[in-house]
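Read through the structure below, which is laid out as structure tokens, and then see the notes.
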Amino acid sequence: MRCFHHPDTVLHRPPQFLVRGQPKPVPEKPERVTAVLDALNRRGDRVEVAPDAGPAARAAVHSPEYLAFLETAHARWIKLPDASSAVIPNVHRGPDMLSYPVSVVGQAGYHMSDTACPIAEGTWAATRAASDCAVAAARAVASGEEPAAYALCRPPGHHAGRDMAGGFCYLNHAAIAAQEALRLLAGRGLPPRVAVFDVDVHHGNGTQAVFWERDDVFVVSIHADPSEFYPFMAGYGHERGAGRGEGFNLNMPLPLGTSEDDFLAAVRDGLASIGRFAPSLIVLSLGFDTFKDDPLAAFGVTTPGFGRLGRTVAEAGLPTVVVQEGGYAVDHLAANLTSFLNGFEAASTR
Ligand SMILES: [Zn+2]
């Protein structure tokens, strides 16, 4: 498969984040990139460095204030007296707060939904490079050049909203890919309809928020029940979109401890709904944190199970942009991605 990566995606190295009030090492490590690249090279995939996508693709999803904040926050933060080496908010935006703050401390609270998205020195470079990978993959597929492409995005993206970071995510690469694909599909005279299919173990709350009032992007997410799992405040079945987007958002929460067979049954149901929407293209938000031994595990998917996932998605027969989301069992990432891609390609070539 044609794959896109960028060397800058390893530059994001936040020292810690807060879990239940305690500082902990960030499991979203740069070694994830190395592990995945090794797997792609061993498989003999066509791996390319993503070119600079330019600012327009990011600006089609994210607000100007948020993009400026991501780019400048770290340099401004470390000039503050007694500041930590990474931006972590100590205020948060509430519904009664009506004004955009000037101070970087206020902006951190405005643009960061939790304490799991620290901004360190290389964060902007890494997340920008990751979105370049997603745009390159979207362009390869939406232009008709490739039936499928893989974007090695790191840090991940699906918890990031239009103007909000959260849960290890800064720019929403899947949303940026979907938006870019829509533009190219329309240019080719194809129906500008894209499905985002999120199979990470966490709900893709950022992607849901970006497309909440849109009927040209159908967002389907399979994830652990948010009543007991991050992001807690989104991902429930009753959230179906609003306005023109009503009915174009489908959440499929599953209980903690869901087996591989039950997860894959939900995947087939999700794809059946996507088939009825009849998109021109799928953006697959692919997380490997559904793996049974992931440090954030909630589901029981095995390494061969990711092969079954790949086959099932490919059998939908749609052009597919694969965007890497989570997956924190670094020692198993190579095997899990290899299994997924082998399964996907076995079904595609049939
Ligand atoms: Zn996840």
Side-chain angles (χ1 to χ4, degrees), residues 9 12 14 17-19 24-33 35-36 112-118 126-127 130 134 150-161 164-175 177 196-210 219-236 251-258 260 263 266-267 270 283-303 305-306 309 313 322-333 336-337 340:
T9 57
H12 171 59
F17 75 126
L18 296 180
V19 183
K24 298 277 181 191
V26 178
E28 200 287 284
K29 296 185 257 197
E31 289 79 3
R32 298 176 66 237
V33 171
V36 167
M112 300 166 88
S113 66
D114 54 44
T115 54
C117 49
T127 192
Y150 170 81
L152 205 186
C153 298
R154 189 261 162 191
H158 70 153
H159 297 306
M164 189 76 101
F168 308 148
C169 298
Y170 306 88
L171 295 172
N172 192 317
H173 315 304
V196 180
F197 190 29
D198 191 320
V199 294
D200 187 282
V201 79
H202 301 95
H203 174 238
N205 59 304
T207 314
Q208 167 174 298
V210 167
V219 178
V220 178
S221 182
I222 297 172
H223 47 267
D225 185 346
S227 61
E228 292 184 79
F229 209 67
Y230 186 90
F232 300 103
M233 290 168 270
Y236 298 89
N251 285 328
M252 305 173 68
L254 299 173
L256 299 185
T258 288
E260 176 173 302
F263 171 73
V267 167
V283 175
L284 183 72
S285 269
L286 177 61
F288 290 114
D289 42 11
T290 49
F291 182 52
K292 65 184 181 63
D293 294 328
D294 193 275
L296 311 183
F299 292 172
V301 181
T302 63
T303 297
F306 288 110
L309 173 65
V313 173
V322 183
V323 171
Q324 185 64 56
E325 300 285 359
Y328 307 102
V330 176
D331 293 343
H332 299 272
L333 270 183
N336 289 343
L337 177 65
F340 173 85

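Every number for a ligand or one of its atoms is a count from 1 in the order of the listing.
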D289: its N/O/S atom lying closest to the Zn ion (ligand 1) (atom name)
OD2
Check each of E325, E31, E28 against R154 using the side chain to side chain contact (heavy atoms under 4.5 Å, CB included) test, and report the only one that passes.
E28
Report yes or no: does H159 have an N/O/S atom closer than 2.8 Å to the Zn ion (ligand 1)?
no
Which class fits the ring pair Y230 and H159: parallel under 30°, tilted 30 to 60°, perpendicular over 60°?
perpendicular
Could you tell me whether the side chains of N336 and T303 share a donor-acceptor contact shorter than 3.5 Å?
yes
Using 2.8 Å as the threshold, say whether any N, O or S atom from E325 sits that close to the Zn ion (ligand 1).
no
The Zn ion (ligand 1) to H202: nearest N/O/S atom name
ND1
Between H12 and Y170, does the ring centroid distance fall short of 6.0 Å?
yes
Test ring pair (Phe, Tyr, Trp, His ring centres under 6.0 Å) applied to F306 and F299, F263, F288, the passing residue
F288
Tell me, which N, O or S atom in D200 is closest to the Zn ion (ligand 1)?
OD1
